[in-house]
Amino acid sequence: MAGSNINQPLLDQLPKTLQNADSRRRRLRRLKSAPIPEFVPGEMNGIKDDQSLPRYESILDKLHPSFRKVILYLVIYLTIGTTCFYFVQNQIQGKKVNGVLDSVYFCVVTMTTVGYGDLVPNSTTAKLLASFFVFSGMALVGMVLSKGADYLVEKQETLLIKALHMRDKVGPSVILEEIETNKVRYKCFVITAILVVLIVVGTVFLAEVEKLSTIDAFYCVCSTITTLGYGDKSFSTKAGRIFAIFWILTSTLCLAQFFLYIAEFNTERKQKELVQWVLSRKMTNVDLEVADLDNDRVVGAAEFVVYKLKEMGKISQDDISLLLDEFECLDVDQSGTLSTTDLSLAQSS
């Protein structure tokens, strides 16, 4: 009985200790990222809130700002390229159907590096122009157009997820969570479906309009979208070249995005396997020593999280060192904590 009376104060303090620990855990779970600098009410990641005010916009206004830049850069490139090649069209040899159409077609074939060989430069000026536009076109495709393609795929990804959950009556938050969880996987599904449609459409068009056999049409499609461009089969009619201007640009970009998403999916899968291994691995005394950043022989929640993130490859020691340096610069009074006074002194200095 005496022993129980002695331990009673400790037992009374235990619930308070547990409450404090639970309160700290809740505070850590409530940590949020920095606010979004340009948040548009009523819309996030292509998902609109039904309660947002209606706005009347044109088609260009509804496009994402980055996608409008893509269209602008593409129009500028094709306009300049078409104009240049139109003025040197007599210095380009091959089968021609129309001056302006041939110039646009040659510009697209050049920028996508398809290079059929049905139209080739035949003078110093034309060769220099082609050399310039092939490099600038590759840069445009790699840095600008791929972003536009990625944006369109994300839009289709959102529509796909909405269609999958149409009967479930789920809200925007659930759809956003689904997008973030399986983002790359859905991108692979969408881009694969688009690529298959483009291959079928190209094959059918070549067979019906260019009068190629099914095998030759499929062969021409494959050599085009892979930018192999043997040149033995190509678009030679006026209607065919009009179609090729849009189809070649779209199909080559889709194939490039397809391989990009596949590589991204494999990287994400390996990262998830690493995370699963880290979470399932048991902690050892050696791990505790490494996780103890302040060498006080006790590992707090923040130290534990940092250590696990390092194991998962989410952050590196260099990242931690940079953040600690920034913390020391902001901690003007060297108290080991940040306050509004520290921030004011740091900003004034």
Side-chain angles (χ1 to χ4, degrees), residues 1-39 44-45 173 176-185 260 263-349:
M1 296 295 294
S4 61
N5 293 331
I6 293 174
N7 294 330
Q8 188 62 35
L10 296 177
L11 294 175
D12 293 338
Q13 293 177 2
L14 184 59
K16 295 181 179 180
T17 305
L18 292 176
Q19 288 177 2
N20 292 334
D22 186 61
S23 177
R24 290 179 61 188
R25 283 196 295 268
R26 286 199 299 269
R27 286 201 300 270
L28 288 172
R29 291 180 184 274
R30 287 202 306 269
L31 290 177
K32 298 180 180 179
S33 61
I36 301 175
E38 295 181 358
F39 176 72
M44 179 178 288
N45 290 345
S173 59
L176 285 174
E177 183 179 357
E178 180 73 14
I179 291 175
E180 293 301 323
T181 304
N182 299 302
K183 191 177 187 67
V184 181
R185 178 179 298 178
L260 177 64
E264 190 176 350
F265 177 76
N266 289 330
T267 302
E268 185 185 70
R269 180 177 56 82
K270 292 180 180 179
Q271 179 63 35
K272 287 183 178 180
E273 291 177 355
L274 176 61
V275 170
Q276 187 62 33
W277 178 80
V278 170
L279 294 176
S280 61
R281 191 176 70 87
K282 294 182 179 180
M283 289 284 290
T284 63
N285 292 332
V286 176
D287 295 324
L288 290 178
E289 292 179 3
V290 176
D292 186 13
L293 297 178
D294 52 8
N295 296 319
D296 61 351
R297 297 185 178 181
V298 176
V299 175
E303 292 174 316
F304 178 80
V305 170
V306 169
Y307 176 69
K308 285 296 184 180
L309 288 176
K310 286 174 62 178
E311 276 196 317
M312 294 175 184
K314 303 286 187 181
I315 58 174
S316 64
Q317 186 60 46
D318 292 337
D319 298 329
I320 297 174
S321 299
L322 291 174
L323 294 175
L324 289 176
D325 291 340
E326 182 181 359
F327 181 87
E328 292 176 358
C329 292
L330 295 174
D331 186 16
V332 179
D333 58 2
Q334 301 297 315
S335 62
T337 58
L338 292 181
S339 64
T340 55
T341 304
D342 289 323
L343 296 180
S344 299
L345 292 174
Q347 291 174 358
S348 62
S349 62

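- Atom CD of Gln271 sits in a crowded spot, with more than 12 heavy atoms from other residues, nucleotides or ligands closer than 6.0 Å.
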Checklist line | Derivation of the side-chain contact (heavy atoms from CB on, under 4.5 Å) call for Asp319 and Lys310 | finding: CA-CA 10 Å; Asp319 298 329; Lys310 286 174 62 178; over 6 Å; no
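- From Tyr307, atom OH reaches atom CE of Met283 across 6.0 Å, with rounding to the nearest 0.5 Å.
- Neither side chain, Asp318 nor Ser321, offers a donor N or O lying under 3.5 Å from an acceptor on the other.
- Of the options Leu338, Thr337, Asp342, Leu322, a side chain to side chain contact (heavy atoms under 4.5 Å, CB included) to Phe327 is made by Leu338 and by none of the others.
- No donor-acceptor pair closer than 3.5 Å links the side chain of Gln347 to the backbone N or O of Ser344.
- Of the candidates Lys282, Arg281, Lys308, Arg281 is the only one forming a salt bridge (charged side-chain N to carboxylate O under 4.0 Å, His left out) with Asp287.
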Next item on the list: Give the C-alpha distance, both sets of side-chain angles, the deciding distance and a yes or no for side-chain contact (heavy atoms from CB on, under 4.5 Å) between Leu288 and Thr284.
Entry: CA-CA 6 Å; Leu288 290 178; Thr284 63; over 6 Å; no
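- The shortest distance between side-chain heavy atoms of Thr341 and Asp333 does not fall below 4.5 Å.
- Between the side chain of Asn266 and the backbone N or O of Ala263 there is no donor-acceptor pair closer than 3.5 Å.
- Between the side chain of Asp331 and the main chain of Ser335, a donor-acceptor pair closer than 3.5 Å is present.
- Within 6.0 Å of CG in Asn285 there are 12 or fewer heavy atoms belonging to other residues, nucleotides or ligands.
- The backbone N or O of Cys329 sits nowhere less than 3.5 Å from a side-chain atom of Asp325 that would complete a donor-acceptor pair.
- For the pairing with Glu273, the side chain to side chain donor-acceptor pair (under 3.5 Å) check across Lys270, Gln276, Arg269 returns one residue only, Arg269.
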